[in-house]
Amino acid sequence: MAREIPNLEATVRTGTGKGAARQARREGQVPGIVYGGGADPLAINIPFNELFKKLKAGRFLSTLWNLKIDGQEDVRVICRNVQRDVVKDLPTHLDLMRLRRTSRISLFIHVEFVNEEEAPGLKRGGVLTVVRPEVELNVLAGEIPEQIVVDLAGKDVGDVIHISDVTLPSGAKPTVDRDFVIANISAPSSLRSSDDGDAGEEAGEEEAAAAEE
């Protein structure tokens, strides 16, 4: 199932050059350019407030956007650069690249954990520690998965789940070239305390025996 692609709304910018860009900023817009995809470059404006909110939400440069412009067909784009004011650190210009469905891009995909009720370690009070709630994958623009599914059935205390333990969507591959950890099941605090206590008692008995010798 493909993930829902968020919208990025824009208008066509009339005029080019620094003068038109300055005018756009005075009107509360951020100028930008859309290029690639076998079509001519297109000058656009994006409402500053909407763009600022999306930038604050994070992952802007690694998110696939559905660019909506009145009078034109929607097109999938990814941001390649955001220029910012050197003093205020506010966006002043952005570059968007059109993508074909066969283009490969790197995006962060949500990790979904299932069958927690069938994990012996969790039934015993173990704790699921999520190391990576999202995993960056290289995927086809036309086949973006909604999520990565991690099956916890049969997982016990002490089990560690690596990326190699997960069945990835067809055509997707991790951007990190190592078998990294996604999550693990650790012992409940009560069990850890009990183990620590037992270890302490054993150490004390060993010290006492050594003293008697």
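What's counted below: heavy atoms across the whole structure, side chains too, no hydrogens, waters or symmetry copies.
- Counting all heavy atoms, side chain and backbone alike, Leu64 lies closest to Pro6 at O-CD, 3.5 Å.
- At a threshold of 4.5 Å between non-hydrogen side-chain atoms, the residues Arg25 and Phe48 do not count as touching.
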TODO: Could you walk me through whether Ser106 and Glu136 pass side-chain hydrogen bond (donor to acceptor under 3.5 Å, both in side chains), step by step?
DONE: CA-CA 6 Å; Ser106 295; Glu136 188 177 29; 4.7 Å; no
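- No side-chain heavy atom of Val114 sits under 4.5 Å from any side-chain heavy atom of Glu116.
- Taking the salt bridge (charged side-chain N to carboxylate O under 4.0 Å, His left out) definition, one finds that Lys173 meets it with nothing, sequence neighbours left out.
- Not a single donor-acceptor pair under 3.5 Å links the side chain of Ser103 to the backbone N or O of Leu99.
- Residues satisfying the salt bridge (charged side-chain N to carboxylate O under 4.0 Å, His left out) criterion with Asp165, sequence neighbours excluded, are absent altogether.
- Relative to the ring axis of Tyr35, Arg98 does not place its NZ or CZ within 45° and under 6.0 Å from the centre.
- Placement of Val130 and Leu168 within a single hydrophobic cluster is found when ILVMFWY residues are connected by side-chain heavy-atom separations under 4.5 Å, directly or transitively.
- For the pair Ala10 and Ile44, the tightest heavy-atom approach, listed with the atom from each and the gap, is CB-CD1, 4.1 Å.
- Taking a cutoff of 4.0 Å between a charged side-chain nitrogen and a carboxylate oxygen, Asp95 and Arg80 do not qualify as a salt bridge.
- To the nearest 0.5 Å, the span separating CG on Leu128 from NZ on Lys155 amounts to 11.5 Å.
- The 12-atom threshold is not exceeded at CD of Glu73, counting heavy atoms of other residues, nucleotides or ligands nearer than 6.0 Å.
- A pairwise comparison of heavy atoms in Cys79 and Asn81 identifies SG-O, 3.4 Å as the closest pair.
- Contact detail for Lys68 and Asn7: the closest heavy-atom pair is CD-CG, 3.4 Å.
- Within the 4.5 Å cutoff, the side chain of Val82 has heavy atoms near those of the Leu61 side chain.
- There is no path of hydrophobic side-chain contacts, each under 4.5 Å, that joins Val149 to Ile163.
- No more than 12 heavy atoms of other residues, nucleotides or ligands sit less than 6.0 Å from atom CZ of Arg100.
- Contact detail for Gly126 and Val157: the closest heavy-atom pair is CA-CG2, 4.4 Å.
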Open item on the list: Assess the residue pair Asp179 and Ser164 against the criterion (side-chain hydrogen bond (donor to acceptor under 3.5 Å, both in side chains)); give the C-alpha distance rounded to whole Å, side-chain angles, the decisive distance to 0.1 Å, and a yes or no.
Closed with: CA-CA 6 Å; Asp179 195 16; Ser164 61; 2.8 Å; yes
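- For the pair Arg101/Arg76, a side-chain contact is recorded, criterion being any heavy-atom separation below 4.5 Å from C-beta on.
- For the salt bridge (charged side-chain N to carboxylate O under 4.0 Å, His left out) test, residues two or more places apart in sequence or in another chain that qualify with Asp156 are Arg124.
- In this structure, Leu152 and Asp159 have side chains that are not in contact, with every pair of non-hydrogen atoms separated by 4.5 Å or more.
- A donor-acceptor pair shorter than 3.5 Å cannot be found between the side chains of Thr92 and Asp85.
- Between the OG1 atom of Thr14 and the CG atom of Asn45 there is a distance of 8.0 Å, given to the nearest 0.5 Å.
- Salt bridge status for Lys123 with Glu118: absent, with no side-chain N to carboxylate O gap under 4.0 Å.
- Atoms CZ and CD, on Arg22 and Glu27 in that order, are 13.5 Å from each other to the nearest 0.5 Å.
- Side-chain contact between Val150 and Val111 is present, with at least one heavy-atom pair separated by less than 4.5 Å.
- Ile69 has its side chain out of reach of Glu9: every pair of non-hydrogen atoms, C-beta onward, lies at least 4.5 Å apart.
- Using a 4.5 Å heavy-atom threshold, the side chains of Asn138 and Ile105 count as separate.
- Among all heavy-atom pairs drawn from Asn66 and Ile5, the shortest one is N-CG2, 3.5 Å.
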